[in-house]
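Everything below concerns the one structure shown next.
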Amino acid sequence: MTSFRIRYEPNKGVNFVHLINFLVSYEIMTLEQCVSVYKRFKLAEDISLEIPDGLVAEFRRELTSLGCVSE
């Protein structure tokens, strides 16, 4: 698993619908878990996501296409 940290400030304008769709469709998180993470993010919290190693490249492409900055 690879951890991605998404800070609120540089990413506050990112459309999370696409990230939620990715996370749920690849069964990384349930919809309920995604909603919980999204709520924390909207409260100006930084979030961390654990992505399986086999999906890291695809997840990075998704982040890039959304203009999302991660660590």
Side-chain angles (χ1 to χ4, degrees):
M1 296 287 254
T2 300
S3 182
F4 286 82
R5 185 167 184 197
I6 300 175
R7 295 188 179 273
Y8 174 76
E9 195 56 40
N11 296 300
K12 60 185 170 187
V14 170
N15 184 344
F16 260 74
V17 172
H18 299 289
L19 287 180
I20 290 171
N21 183 48
F22 182 93
L23 295 168
V24 171
S25 66
Y26 285 100
E27 298 179 353
I28 298 168
M29 299 175 88
T30 66
L31 182 57
E32 292 79 17
Q33 290 169 321
C34 287
V35 169
S36 176
V37 168
Y38 176 72
K39 285 180 181 179
R40 286 191 354 252
F41 185 76
K42 283 304 185 182
L43 292 172
E45 290 184 32
D46 298 342
I47 58 170
S48 292
L49 301 172
E50 295 289 327
I51 305 300
D53 293 332
L55 295 172
V56 167
E58 193 165 342
F59 188 66
R60 281 194 177 120
R61 281 192 297 273
E62 185 72 22
L63 292 176
T64 300
S65 73
L66 296 171
C68 186
V69 179
S70 67
E71 300 172 355

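Each residue takes its place number in the sequence, starting with 1.
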Rounded to the nearest 0.5 Å, the CD1 atom of Ile20 sits from the NE2 atom of His18 at a distance of 10.5 Å

Using 30° and 60° as the class limits, which term best fits the ring planes of Phe59 and Phe4: parallel, tilted or perpendicular? perpendicular

Leu23 vs Leu31, side-chain contact (heavy atoms from CB on, under 4.5 Å): CA-CA, chis, key distance, verdict: CA-CA 8 Å; Leu23 295 168; Leu31 182 57; over 6 Å; no

Ile47 side, atom CD1; Arg7 side, atom CZ - distance, nearest 0.5 Å: 12.0 Å

Minimal non-hydrogen separation, Asn11 against Gly67, with atom names: OD1-O, 4.1 Å

Glu71 CD: over 12 foreign heavy atoms closer than 6.0 Å: yes

Identify the heavy atoms of Ile28 and Leu55 that sit nearest to each other, and give their distance. CD1-CD1, 3.8 Å

Is there a side-chain contact between Glu62 and Leu19, using heavy atoms and a 4.5 Å cut-off? yes

Path from Val14 to Val35 over hydrophobic side-chain contacts below 4.5 Å: yes

Mind listing the closest non-hydrogen atom pair of Cys68 and Ile6 along with its distance? SG-CG2, 3.9 Å

Do Val69 and Val17 sit in the same hydrophobic cluster, where Ile, Leu, Val, Met, Phe, Trp and Tyr count as joined when their side-chain heavy atoms come under 4.5 Å apart? no

Taking the side chain as everything from C-beta on, heavy atoms only, tell me whether Arg5 gets closer than 4.5 Å to Ser70. no

Are any non-hydrogen side-chain atoms of Leu49 and Met29 less than 4.5 angstrom apart? yes

Quick check: are there more than 12 heavy atoms from other residues, nucleotides or ligands sitting under 6.0 Å from OH of Tyr38? no

Testing the basics here: between Glu58 and Phe22, what is the closest heavy-atom pair and its distance to 0.1 Å? CG-CE1, 3.8 Å

